[in-house]
Every structure is written in C-alpha cells, then in structure tokens.
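Written below as structure tokens is the structure these notes are about.
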Amino acid sequence: MATPALNSQVQSLVAEYSVFWQFWPQFEQIRGERRLVGFEVELIGSHTSDLNHVDPSCPTCRHVRSVLLAIVDLMPGELTLSRNSFTYNIDPHSNSIVCLPALGNRSAVSVSIYVVWNRSNGQSFETDLLKEVKTFLNRWSIHQH
Ligand SMILES: [Zn+2]
C-alpha cells in the first residue's frame, strides 16, 4: 500500500501528465471460437502539447514513464484475486513515443500491463478481475479513454 504522501504526489503528477488508460481485450481463436484470454491495460501520459516533440531521450518523458511504471507496478499487489489464477507481464515500451489522435496527436509515453488468466477460471473471474483493475485506477484518479 502506498503511503499518503506518495499518493498525493503521484496523484498530482497524474493530473499534470494527463494520465489516462486504455483497455485492449486479448482474444485467442480456440477450436474456431473466439475467446477472451486476457487483456492489456495501457497507461498513457504526456507532458507537452508540442506536436513535434518526439525525442526518446527526453528526461521529462522518461519521468512520465517512471511515474506510469510505478503505478502499474503496484497493480498486481492490489488485486485480491488469487495470484495463481493469472499471470502478468509489464512492458514499459522504453524507447517509444506514441502519437495519439485521442490527445489531438500529442506525443505521449505509455506503459502496458498484460494480464492473462488460466483457462478454467470462468466468466465471473474475468469480470471481477476487471472490476478490481478499474477500482485500482480510479483510486489514482486515472480514467479510461
Ligand atoms: Zn518529453
């Protein structure tokens, strides 16, 4: 659990960097049937409205990324569901800058967490897991885009 001081510091950075998240369901084709096997949650933040800002070595972009990564790192520990029931993988997309139409083509950095669950868990597990992820992000005042 993050301390209140860290919390408010991160929360002000979330506002400063206009952090939001996007949700990407991951499907697999199993015996001709398309099934949801997991999801990617991508946290995105940007420190500039300069459309020509594309500099992977920019220290402020690196800071935005480190804030996103700190938040994503906390996520798995905050999920109350059994850790054996899913696996996850965090990708800080270290050298890439994205350009987002949703942000008026502002340049931004992103960090993704990929969550894949074990086959047998069933629909309610998937729903519960998603609910927990949303609750976690809400607590940081990070909204879905
Ligand atoms: Zn930058």
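Each ligand, and each atom within it, is numbered from 1 in the order the structure gives. The basis for the numbers below is simple: all heavy atoms, side chains too, and nothing from hydrogens, waters or symmetry mates.
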Inset, instruction - In sequence, state the C-alpha distance, the side-chain angles, and the governing distance for Leu43 and Val41, and then conclude on side chain to side chain contact (heavy atoms under 4.5 Å, CB included). - result: CA-CA 7 Å; Leu43 257 61; Val41 165; 4.0 Å; yes

Legend entry - Arg106 side chain to His53 backbone, donor-acceptor under 3.5 Å: no

Legend entry - Heavy-atom side-chain proximity of Ser107 to Thr48 below 4.5 angstrom: yes

Listing, residues 16-27 side-chain donor-acceptor contacts under 3.5 Å, not counting sequence neighbours, or none:
from: Tyr17; atom 1: OH; to: His63; atom 2: ND1; distance (Å): 2.9
from: Trp21; atom 1: NE1; to: Ile142; atom 2: O; distance (Å): 3.4
from: Trp24; atom 1: NE1; to: Glu42; atom 2: OE1; distance (Å): 3.1
from: Gln26; atom 1: NE2; to: Trp24; atom 2: O; distance (Å): 3.3

Legend entry - the Zn ion (ligand 1): protein N, O or S atoms that are less than 2.8 Å away, sorted by chain: His47 NE2, His53 NE2, Cys58 SG, Cys61 SG

Legend entry - Beyond-backbone contact of Arg65 with His93, side-chain heavy atoms, under 4.5 angstrom: yes

Legend entry - Residue that, paired with Val111, satisfies side chain to side chain contact (heavy atoms under 4.5 Å, CB included) out of Leu68, Val67, Val64: Leu68

